[in-house]
**Q** 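One structure, pasted below without further comment.
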Number of protein chains: 2
Amino acid sequence: MNSLAEENYLKAMLSLSNDKGEVNVNELSKRLEIKMPTVTSMMKKLSAKKLVYYQSYKPLRLTEKGRKEAAFIIRKHRLTEMFLVEKMGFGWEEVHSIAEQVEHIQSAEFFEKMDKLLGYPKLDPHGSPIPDKNGKMVWKQYRKLSECEADEVVKLSAVINTSKDFLKFLNSRHLSLGMKLKVKFIEQFDQTMLVSYGKYDKEALSHIVCERLLVEKV
Amino acid sequence: MNSLAEENYLKAMLSLSNDKGEVNVNELSKRLEIKMPTVTSMMKKLSAKKLVYYQSYKPLRLTEKGRKEAAFIIRKHRLTEMFLVEKMGFGWEEVHSIAEQVEHIQSAEFFEKMDKLLGYPKLDPHGSPIPDKNGKMVWKQYRKLSECEADEVVKLSAVINTSKDFLKFLNSRHLSLGMKLKVKFIEQFDQTMLVSYGKYDKEALSHIVCERLLVEKV
DNA sequence: GTAATAAGTTAGATTAAACTAACTAATTTA
DNA sequence: TAAATTAGTTAGTTTAATCTAACTTATTAC
C-alpha cells in the first residue's frame, strides 16, 4: 500500500511524463510544490519499492508497476469527477479539488460502483480519457485551438487546464464541450482569435486561452 | 484545519464520552488502538487548540468547539453511509470502512449535495442519528433487545456495532431495521433469546447479539 | 489502611515527509 | 571552450505522530 504522499508523486509523474516516459526532478518539484531535495529522496524510496527507475542525474521514469498504480489513481480521480458532475449535480469547475481527495480512497468496489452507475464512461467532464481497469489510457488526437487557421470549423472536445478559474472563465463565455467553433480571424500581433460559436459571432479569445482548448475535426 | 489524526481523536472522544461528556485516556487508547502516551500527547495538542479540556490525571472532555467539530465528522460519516446504501447500492455491512475514509473529505458542498440528494435523512443505515449542521444529535430512547422480557413485541430500530462481521451475521439471519420481533423465550442459563420475526418462528440469538440490537415499542 | 493493580505521565527514540544550506554535475551562453 | 546558469544531490534539521521504558498517581482489594 502506498501513502498519500507516494500516490501524489506517482500521479504527477504519469501526468508529466513525455513521449519517452521521462520526467525531470525539477518539473516534478514544481508541479507538486515540493522542493527538489525532497523529490530526490522520495524517488529513492519509490525506486526501492520498484515503482520508479532512478539513477542520479538521469531523467526519472515510472516502472510498469508504477505506471499502472499511477493510472489507477488517475482513473479514480476522473471517475470521481464524472460522478460528481453526472450524479451529484456539480459544475465542471467545482469537481477537481474534491476529486483530488476522493482519488485516495482505498476501495475498489467504491469506484466499480461509480463506473457502473455512470455506464462505463470513457471521458471525464473535461474531455480527458479515463484509464481502464488495466491502466490503459489513450488520448484522442486533438489539436489546440491555437494551432487552427482562419475559417476552420472544429469541435471543442477537451480542456487542458482544469482549474476553477479557467473553467469559470469558460462558463462566463458559455463555452462547453461538444460545441462547434469557427475561427473568424487571428490577430497576428498577439495571436488573439475571434471565434464564432452558439450565440456569439466574434468572441475574442486570447492565445493563453486558445492553447488550453483542445479541438477535433467536425 | 485539523489533521486526519486529530479528526480521528475528536470523533472517538465524542462517540465514547459518557453522560457527563467524559472519556478516559485508556478508553480512547483502546478504541483508537494507539498507546496511552501518544493519546496523552495528542490531548495536550488538542487542548492547545481549544478543542479539549485537559488536566493531568483527570477525565478528558471536549470543549464546545471540539464537540461541534467531532459532530460534524460523524455527520459526514453517517451521510456517507446513507449515500452509499441509498444511492450507490451498497449493503449496510459494506459501508463503514468506506465512510471512515470519506468522512475526512474537506468540502462542505460535497456533503450538502449528499444530504439534499438523500432528502435530509435523520438516521443512517444502522439507525444512528445524523447530527444536523449545528452539530446537534439526539438518540431516540431505545432499549437493548437483551433488556426485553418474554412475550414482548418490539421493533428493531438500530444496531450498536457496525462491523462487517456482525452485520453479515444479521444478514444471514435475515434481520433488518424496522422488523417486528417477538421474544418467545429467554434461556436463564446464558440469556440466549428465542425470537420470532418474519419467517422465523424460534430463532436463537445469543446475549452478545441481543445486547447489540436496539429496539423500541411497536 | 496498606499493598497490589490499573491508569496516566514523562523522557527519549523512531519514521515519514517536509525543509535549508552547501555542494556537484550538466547544460547553456557568450 | 571557459564561465555562468540551471538541475540535481548530500547532509543535516524540523514537525507530526507514533512507539517503549520507566516513573507517578489513582483505584481496588484484602
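Computation of the quantities below employed the complete heavy-atom set of this structure, encompassing side-chain atoms and omitting hydrogens, waters and symmetry-equivalent molecules. Here is the naming used below: chain letters follow the sequence lines, and residue numbers restart at 1 for every chain.
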**Q** Distance check needed: D/dA16 C1' versus B/N2 CG, whole Å only.
**A** 14 Å
**Q** Pairs in or reaching into residues 2-22 of chain B: which pass ring pair (Phe, Tyr, Trp, His ring centres under 6.0 Å), with residues at least two apart or in two chains?
**A** none
**Q** Using side-chain contact (heavy atoms from CB on, under 4.5 Å) as the criterion, list what pairs up with B/I73, not counting sequence neighbours.
**A** B/E7, B/K11, B/E103
**Q** Quick one: is A/Y9 getting a side-chain N or O under 4.0 Å of the C/dA16 phosphate, OP1 or OP2?
**A** no
**Q** Please work out if B/S3 contacts a base, only the sugar-phosphate, or nothing of the nucleic acid, heavy-atom cut-off 4.0 Å.
**A** sugar-phosphate
**Q** Could you tell me the separation between the NZ atom of A/K44 and the P atom of C/dA18, rounded to a whole number of Å?
**A** 16 Å
**Q** Hey, is CD on A/Q141 packed in by over 12 heavy atoms from elsewhere, all under 6.0 Å?
**A** no
**Q** Mind running a 4.0 Å heavy-atom check of residues 16-25 of chain B against DNA chain D and sending the residues that fall below it, in number order?
**A** none
**Q** What pairs with A/H104 under ring-ring contact (aromatic ring centres under 6.0 Å, His included), at least two apart in sequence or on another chain?
**A** none
**Q** Expressed in angstrom and rounded to an integer, what is the separation of B/K49 atom NZ from D/dA16 atom P?
**A** 10 Å
**Q** State which residues pass side-chain contact (heavy atoms from CB on, under 4.5 Å) with B/I130; sequence neighbours excluded, sorted by chain then number.
**A** B/R75, B/R78, B/L79, B/P121, B/D124
**Q** Can you list the residues that meet the side-chain contact (heavy atoms from CB on, under 4.5 Å) rule with A/Y120, with sequence neighbours excluded?
**A** A/D115, A/K116
**Q** Tell me, please, which residues at least two apart from A/E109 pass side chain to side chain donor-acceptor pair (under 3.5 Å).
**A** A/S107
**Q** How long is the line joining CE of B/M42 and P of D/dT15, in whole Å?
**A** 16 Å
**Q** Round to the nearest Å and state the distance from A/N26 atom CG to C/dT27 atom P.
**A** 13 Å
**Q** Can you sort out the partners of B/D190 under side chain to side chain donor-acceptor pair (under 3.5 Å), two or more places apart, ordered by chain and number?
**A** B/T192
**Q** Nearest whole Å is fine: how far is C/dT27 C1' from A/E27 CD?
**A** 15 Å
**Q** Which of residues 29-39 of chain A have a heavy atom under 4.0 Å from DNA chain D?
**A** A/M36, A/P37
**Q** Taking CD from A/E6 and P from C/dT15, how many angstroms apart are they, rounded to a whole number?
**A** 15 Å
**Q** How many whole angstroms separate atom CG of A/L28 from atom P of C/dA18?
**A** 12 Å
**Q** Test: salt bridge (charged side-chain N to carboxylate O under 4.0 Å, His left out). Region: residues 21-39 of chain A. Which pairs qualify, not counting sequence neighbours?
**A** none
**Q** Any salt bridge (charged side-chain N to carboxylate O under 4.0 Å, His left out) involving residues 130-144 of chain A? Give me the pairs, sequence neighbours left out, ordered by first then second residue.
**A** A/E112-A/K133, A/K140-A/E216, A/R143-A/E152
**Q** Establish, for the pair B/K113 and A/F90, whether the NZ or CZ atom is under 6.0 angstrom from the six-membered ring centre and no further than 45 degrees off its axis.
**A** yes
**Q** Please list residues of residues 54-62 of chain B whose heavy atoms come under 4.0 Å from any atom in DNA chain C, ordered by number; otherwise none.
**A** B/Y54, B/S56, B/Y57
